[in-house]
Structures are given as C-alpha cells and as structure tokens.
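To start, the structure under review is shown below, and the notes come after it.
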Amino acid sequence: MSKEFIVDQTFVGKDHTQVRLPKADYESCTFEGCDFSNGYLDNQNFMECEFIDCNLSNANLAHSIFKEVVFSHCKMMGLKFEECNTFLMDFHFLDCTLDLSSFYGLAMKNQKFERCRLVEVDFSEAQLKAALFHKCNLERAIFSHTDLEKADFRTAINYTIDPERNRLKKALFSKEGVFGLLGKYDIVIA
C-alpha cells in the first residue's frame, strides 16, 4: 500500500499525542502549534516542511525522512535523530529546545543550530563539518570522536570539547570560548 501524498497543506494546533499523524509523504507543508509529544512520527517523509512552535518531545522518529525541514521555536527534547532515515537528511533548527536529544553517528555537514538549547545532547561520532552553533547553549553536550572540522562555535556557550578526542581542524572559537577546550586540564587562566 503506497503512502498518501500531501502537498502545500498547513496543520494548525493539531494534537497527535494519542492519534498518530496519518502516514504520508508531506511536501511543502507547515505544522504550527502541533503537539506530537510522546507520539509517533515514524515512517513518515517530510520534504521542504516547516514545524513552528510544535512539541515533538520524545516522539518516535524511526525511519522517517527529513529533507530540507526547518524547525522553529520547537520543543524537541529526548529525540533520537540517529533512528531517522539518513537518506537526504537535511534540517535547520532555529530557537529550539533539543535537550537530551541524540545525533549519535550522523553525518550532518553544514548543519545549522541557531539560538538553540542543546543541553546534554549527544553528538558522539557525528560528522559535523562546517556546522554552525550560533548562540547555542551546549551545557554538558557530549562530543566524543566527533568531526568538528570548520565548525563555528564563536557565539556558542557552555561547551566542553576535548581536543584530543575530537577533530577540530580549522574550527572557529571565540577567545572566551577557549576555556571550553581546556577544562580537562584543570588549569587556571587569569
């Protein structure tokens, strides 16, 4: 049975915590003020869609495709993005709360996180070449064997990154942010 194809639709204020979003290919759709928390977004295809002021916390994303998807002002705590279908994966996060989410092992070149809370997010073994962390809070975020080549942390705060366990070639940091690279050495800089 093939999936329904839904294009150029706007969904406002829908509650999908108990009733799942119909399985379909969604293209150029907007989801505004929708609640998917603890729900099922698995096996869906989202292409050129936008999620605005939605709650996706702890939703099941298994095997879903996110191609050119923008998340704005969304609550997205506890999501396991590594369970998504990685084919053509491309998303942008703007003013989102992604605490306790995981991007373990994902290839996300040029990924953009702008003004996001990324507290305790797992970026272990991810490929984040040229990623942008603009004004993001990375408190207790996990970077382990992560490729951060040319990543931009100049306006990010509260990160701790071990230069010996991560690839940082040509990554960008502010002078104030250098402390996040030296924390493991327990040194005092005055």
Side-chain angles (χ1 to χ4, degrees), residues 1-11 14-32 34-114 116-118 120-133 136 141-149 151 167:
M1 184 171 135
S2 64
K3 288 183 184 178
E4 186 178 356
F5 185 71
I6 299 172
V7 64
D8 292 324
Q9 296 291 313
T10 299
F11 303 89
K14 301 291 183 186
D15 184 341
H16 290 287
T17 57
Q18 302 296 318
V19 179
R20 73 181 300 138
L21 182 69
K23 286 193 179 184
D25 291 329
Y26 295 90
E27 184 171 323
S28 300
C29 291
T30 301
F31 299 88
E32 188 170 352
C34 296
D35 190 353
F36 302 99
S37 60
N38 298 303
Y40 293 90
L41 284 174
D42 56 315
N43 296 295
Q44 302 282 17
N45 293 345
F46 298 101
M47 296 155 286
E48 300 175 22
C49 292
E50 186 170 11
F51 291 80
I52 304 166
D53 291 316
C54 292
N55 184 353
L56 294 95
S57 295
N58 297 309
N60 181 344
L61 304 178
H63 311 292
S64 285
I65 293 175
F66 292 94
K67 179 184 181 276
E68 295 180 43
V69 174
V70 176
F71 295 98
S72 301
H73 312 285
C74 291
K75 185 176 179 184
M76 307 176 73
M77 297 174 63
L79 296 178
K80 296 179 181 175
F81 288 95
E82 67 268 17
E83 293 180 353
C84 295
N85 184 325
T86 58
F87 182 68
L88 300 174
M89 181 183 276
D90 177 31
F91 27 57
H92 182 130
F93 300 97
L94 176 64
D95 285 317
C96 292
T97 299
L98 289 138
D99 298 356
L100 303 167
S101 291
S102 176
F103 295 89
Y104 180 86
L106 290 178
M108 301 183 304
K109 187 176 181 180
N110 298 311
Q111 179 61 53
K112 288 184 175 58
F113 296 96
E114 298 186 65
C116 292
R117 268 185 56 105
L118 297 160
E120 294 188 50
V121 171
D122 188 357
F123 292 109
S124 298
E125 299 186 26
Q127 296 175 28
L128 290 162
K129 285 186 180 181
L132 174 66
F133 294 93
C136 291
I142 301 166
F143 294 96
S144 179
H145 305 288
T146 307
D147 186 347
L148 297 166
E149 183 177 336
R167 182 172 169 83

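For reference, positions follow the sequence shown, starting with 1.
The shortest non-hydrogen separation linking Gly78 to Ser101 is N-OG, 3.3 Å. Summarising the geometry of Cys74 relative to Asp53, their closest heavy-atom pair is SG-N, 3.9 Å, with the distance given to 0.1 Å. The two residues Phe103 and Glu82 make their nearest non-hydrogen contact at N-OE1, 3.8 Å. When all heavy atoms of Leu118 and Phe133 are compared, the closest pair comes out as CD1-CD2, 3.9 Å. Taking each heavy atom of Val121 and Leu98 in turn, the nearest pair found is CG2-O, 3.1 Å. Ala126 and Thr146 get closest at one heavy-atom pair: O-CG2, 3.3 Å.
By the 6.0 Å contact criterion, CZ on Phe11 is enclosed, its count of non-hydrogen atoms from other residues, nucleotides or ligands being greater than 12. For Phe5, the CZ atom is densely surrounded, since the number of other residues' heavy atoms within 6.0 Å is greater than 12. Heavy atoms from other residues, nucleotides or ligands lying under 6.0 Å from NZ of Lys23 number more than 12.
No side-chain heavy atom of Tyr104 sits under 4.5 Å from any side-chain heavy atom of Lys80. Annotation: side chain of Thr17 is not in contact with side chain of Asn38 (no heavy-atom distance under 4.5 Å). In this structure the side chain of Leu88 never reaches within 4.5 angstrom of the side chain of Met47, judged on heavy atoms. Between Ile52 and Glu32 there is a side-chain heavy-atom pair separated by less than 4.5 Å.
The aromatic rings of Phe51 and Phe36 lie perpendicular to each other, with more than 60° between the two planes, well past the 30° mark. In this pair, Phe143 and Phe123 present their aromatic rings parallel. The plane angle is below 30°, not in the 30 to 60° band. The aromatic rings of Tyr26 and Phe46 sit parallel, their planes meeting at an angle under 30°, below the 60° perpendicular limit. Between Phe113 and Phe93, the ring-plane angle classifies as parallel under the 30° and 60° cut-offs.
When each of Asp99, Thr97, Asp95 is paired with Arg117, the side chain to side chain donor-acceptor pair (under 3.5 Å) condition holds for Asp99 and for no other.
The distance from the CG atom of Asp147 to the NZ atom of Lys129 is 5.0 Å, given to the nearest 0.5 Å. Annotation: the span from Gln44 atom CD to Ile6 atom CD1 amounts to 8.5 Å, rounded to 0.5 Å. Here the straight-line distance linking atom CG of Asp42 with atom SG of Cys84 works out to 10.5 Å at 0.5 Å rounding. Annotation: the span from Asp25 atom CG to Ile65 atom CD1 amounts to 8.0 Å, rounded to 0.5 Å. Taken from CE in Met108 to CD in Gln127, the straight-line distance is 9.5 Å, to the nearest 0.5 Å. Met89 CE to Gln111 CD: the interatomic distance, rounded to the nearest 0.5 Å, is 9.0 Å.
For Glu50 (side chain) and Cys29 (main-chain N/O), no donor-acceptor pair under 3.5 Å exists by modelled atom type. Of the possible donor and acceptor atoms, one in the side chain of Ser64 sits under 3.5 Å from a partner among the backbone N and O of Asn43. Of the possible polar contacts, none joining the Ser28 side chain to the Asp8 backbone as a donor-acceptor pair under 3.5 Å is found. Glu4 contributes no side-chain N or O that, together with a main-chain N or O of Pro22, makes up a donor-acceptor pair within less than 3.5 Å.
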Might you work through the ring-ring contact (aromatic ring centres under 6.0 Å, His included) test for Phe66 and Phe81, ending with a clear yes or no?
-> CA-CA 10 Å; Phe66 292 94; Phe81 288 95; 7.0 Å; no
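Inspection of the Asp35 and Ser37 side chains reveals an N or O donor paired with an N or O acceptor under 3.5 Å.
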